Amino acid sequence: MDNSSILVVENLKKYYYGGGIGKNRVAVKAVDDVSFSIERGTTMGLVGESGCGKTTVGRTILRLHDVTGGKVSFKGRDLAKLSKRELRRMRPQLQMIFQDPYSSLSPRMPVGEIIGEAVREHNIVPADQYRQHIMKVMRSCGLQPQYFSRYPHEFSGGQRQRICIARAVALNPDFIICDEPVSALDVSIQAQILNLMQDLQDEFGYTYMFISHDLSVVEHISDTIAVMYLGSIVEIGDKESVFDKPSHPYTKALLSAVPVADPDYRMNRIVLAGDIPSPANPPSGCKFRTRCPYAMERCAKEVPVLANIDDGHEVACHLFDDEVAAYNAKVKGDISA
Amino acid sequence: MALKLKKNKKQIKGVDDQTYLTLKEERAISKANMRVMKEFERKKRRENVDPSEYLTKMRDPNNVVEFDNLHTFFFTDVGTTRAVNGVSFDVPTGKTVGIVGESGCGKSVTSLSLMQLVQAPQGQIVEGSIRYKATDGKVYDIPKVPMNEMLHIRGKEISMIFQEPMTSLNPVFRIGRQLDEVVMLHVPDSTADSARKRSIEMLKTVGIADGERVYESYPHELSGGMRQRVMIAMALICDPRLIIADEPTTALDVTIQAQILELLRNIKDKINGSIMLITHDLGVIAEMADQVVVMYAGRIIEEGTVREIFHSPKHPYTVGLMLSKPRVDQGVDRLYSIPGQVPNPINMPDHCYFYNRCERAMPVCLGPYPDLIPFSDTHRAACLLYDEAAMARQAELDREATVEDVSAASERGEVE
Ligand SMILES: Nc1ncnc2c1ncn2[C@@H]1O[C@H](COP(=O)(O)OP(=O)(O)OP(=O)(O)O)[C@@H](O)[C@H]1O
Ligand code: SF4
Ligand SMILES: [Mg+2]
């Protein structure tokens, strides 16, 4: 893929094995053949409902889980092929921020130490510049430097999330996975944190993968968007394509389900019937077919693959065969012309 | 020694805005609290209270509930939390009233007060009334109703749906048994058979097609959306007049949320009842509510019809709230964000609680707490920007300030 991609994920798979032995072992396909790439300095939003595998994608990229299959390349290097030492050196460049700012901070460590612990461990800055570095990071994350020696319990949810962000920022990372970073926060605090994340990106050129179930937040912060359903990406593209021309029936339903803060706004809501199937026993063919208003016979038999319907816009759905063919013909024509 | 402690305390105070208490102070508070709480509890537990003590009249017969100057406090060891601090609003029959506000602003405590379910003994209604009009036409002043009488009102006429259905369903009993229990409790002369019939009927009403199977299931065998449906079925068993839904869809995915909101809407029409809908999601409010109450730090800072609140919000907090929510139907490069955070509920200032975060704050805002100013019969907001007297005082202050500036400047010889 092109050189501007900082992260390339190819056919990533992560299965969890449940009960049973041998052939009868049940595999939960938490991530099933996921591919995407993220360009340097941009934000990719990963949306989908609970249990669809968003967090697992993030954690397998960081190798917090082993992968079942597939390849993750960061800055052109296959992470699986790195030695332990190389991986350790690479670690600070890939960071993660979690949803719950309460449980992800050690209650017995003062704020300065929380932010600085890994900085010392990885020798990010020379020892004599350590304190200065931490103070600078705290300031850029909107934390007053005098909080340095205070403890997390003295802080509100929003401030704790700032501490978590500062902890990641202090390592001078290139790529940050943000897993529902604002879901536990109030609207007014949410806006503060989202703005902070944008400011940091402008200043330091970070690349984000932003995981969330909140479509309005994802739409606000992302450049590209991937929509997941039961372990697979069903639609991916730049923000404008996905939000202005949502194509997969699931994306359409998801978008139409978001309540809009305007009493006069009437959207043609597509209310999906039924619940999300269990990932341990997903439907055959297209996994969405049990809730899809357009499901055809073919959908039960063939797994639809992700294919371009336009430049920078891919959909995995049998309804789009014509569009895919037209796009392919166009591309072919362009090449031969 | 005591002196040293005191000094220490002061020093800490200088560094941060939080108040620290000495052990001694804490004990004194706790002792005083015990006395207060005991007195409240004694009143609640009285028996054979004459109904005239708690029966009253509605101000407006079209309402089903009227909150009137409600104060609900928590007497904790570190001080008194004024969780609900003078709240008044009506719930009209057949309407949905939405209550919005940030975490901890008192939304849940307001609704729990109506059910007399505030965590006792530390949580107590200390002042005000909540008038509730029952099906038989009697009007109860809830804070005065003794406990044994309250049992008849709670669950029978007012039902509650919570955010996390798992906490209100017992994990060790089958759904059927839990529903039947409610039927037996509230429907007179029910038998095991009739209870079962009613339970399954209710499961069907809330859109569960295979009611018989769910009836036989345990809560953990159901999905989150299913459990929330079961909770709603349970809430409907006794034909309530009023449903209190406290963040009913917050734990659910958006596609499931859409199903549940539609269900709630249909049900409200079917029973011709009212809904008090508590949520922090402005989108849900816009979609569901007829009237909106915006709370901040235990008080109502603005209320109005859903259109008034969303199309012409008045209070700087409401305006900020609207601007800080990203919307899928319109993009902005940068979100507006309200700076700072909610003041500590134990040490509330005497002036407008929003002062420390307000972009439009003026010196007069440090005066007494603002009254609710009416904009229409339905729309009111508590902000001095709309208070003519206060604005006149502010203009006066501004004039004085310029005069002072000028005279100071002339003293320095800068003006002839
Ligand atoms: N059992 C309790 N003991 C002491 N304080 C309490 C208790 N319950 C609530 N409070 C306090 O009362 C205030 C209002 O709480 P409440 O639960 O009504 O907020 P809320 O608006 O429902 O918030 P959320 O959106 O988080 O549900 C808070 O300051 C809270 O800390
Ligand atoms: S009264 Fe003053 S401080 Fe309070 S909201 Fe209005 S302008 Fe802001
Ligand atoms: Mg609450």
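Letters A, B, ... mirror the listed sequences (proteins, then strands); counts begin at 1. This structure is a prediction, so every number in the text was calculated from the model and none was measured.
For the pair D253(B) (side chain) and E49(A) (backbone), a donor-acceptor distance under 3.5 Å is absent. In this structure a side-chain-to-backbone donor-acceptor pair under 3.5 Å is present from Q259(B) to L272(A). The closest donor-acceptor contact from the side chain of Q198(A) to the backbone of L335(B) lies at 3.5 Å or more, if one exists at all.
Put simply, OH on Y296(B) and OG on S188(A) are 7.5 Å apart, with the number rounded to the nearest 0.5 Å. Interatomic distance, E102(B) CD to L185(A) CG, rounded to the nearest 0.5 Å: 10.5 Å. Of the inter-residue distances, the one linking Y336(B) atom OH with N195(A) atom CG reads 11.0 Å to the nearest 0.5 angstrom. Here I338(B) contributes atom CD1 and I189(A) contributes atom CD1; the two are 8.0 Å apart, rounded to the nearest 0.5 Å. To the nearest 0.5 angstrom, D281(B) atom CG is 8.0 Å from D214(A) atom CG.
Across A261(A) and R327(B), no two heavy atoms sit closer than the pair O-NH1, 3.5 Å. Between H220(A) and D333(B), the shortest heavy-atom contact is CE1-O, 3.7 Å.
At least one side-chain heavy atom of P263(A) sits less than 4.5 Å from a side-chain heavy atom of H311(B). Taking the side chain as every heavy atom from C-beta outward, P326(B) and E219(A) never approach each other to under 4.5 Å. Contact of the R269(A) side chain with the E287(B) side chain is registered, since non-hydrogen atoms from C-beta on lie closer than 4.5 Å.
The number of heavy-atom neighbours closer than 6.0 Å to NZ of K314(B), taken from other residues, nucleotides and ligands shown, is above 12. No more than 12 heavy atoms of other residues, nucleotides or ligands shown are found within 6.0 angstrom of NZ on K95(B). Other residues, nucleotides and ligands place no more than 12 heavy atoms under 6.0 Å from the CG atom of D377(B).
Looking at Y265(A), the atoms closer than 4.5 Å to chain B (heavy atoms on both sides) all sit in the side chain, from C-beta outward. Using a 4.5 Å cut-off between heavy atoms, Q159(A) contacts chain B through its side chain alone, with no backbone atom that close. Interface residue V260(A): backbone and side-chain heavy atoms are both found under 4.5 Å from chain B. Looking at Y317(B), there are no atoms closer than 4.5 Å to chain A (heavy atoms on both sides), in backbone or side chain.
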_Test log, rule salt bridge (Lys or Arg N to Asp or Glu O under 4.0 Å), inputs R334(B) and D199(A)_ = CA-CA 10 Å; R334(B) 205 178 159 74; D199(A) 292 344; 2.8 Å; yes

_For a side chain to side chain contact (heavy atoms under 4.5 Å, CB included) check, start with the C-alpha distance between K325(B) and Q190(A), then their side-chain angles and the critical distance, and finish with the verdict._
CA-CA 8 Å; K325(B) 183 173 163 61; Q190(A) 229 179 47; 5.9 Å; no

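With chain B as partner, the option from D264(A), I270(A), I276(A), L194(A) having the largest number of non-hydrogen pairs under 4.5 angstrom is D264(A). For chain A, the option among P339(B), S324(B), G320(B) with the highest count of heavy-atom pairs below 4.5 Å is S324(B). Comparing A258(B), A289(B), G283(B) by heavy-atom pairs within less than 4.5 Å of chain A, the highest count is held by G283(B).
Considering T279(B), T249(B), V284(B) as possible partners of P259(A), the one that fulfils the side chain to side chain contact (heavy atoms under 4.5 Å, CB included) test is V284(B).
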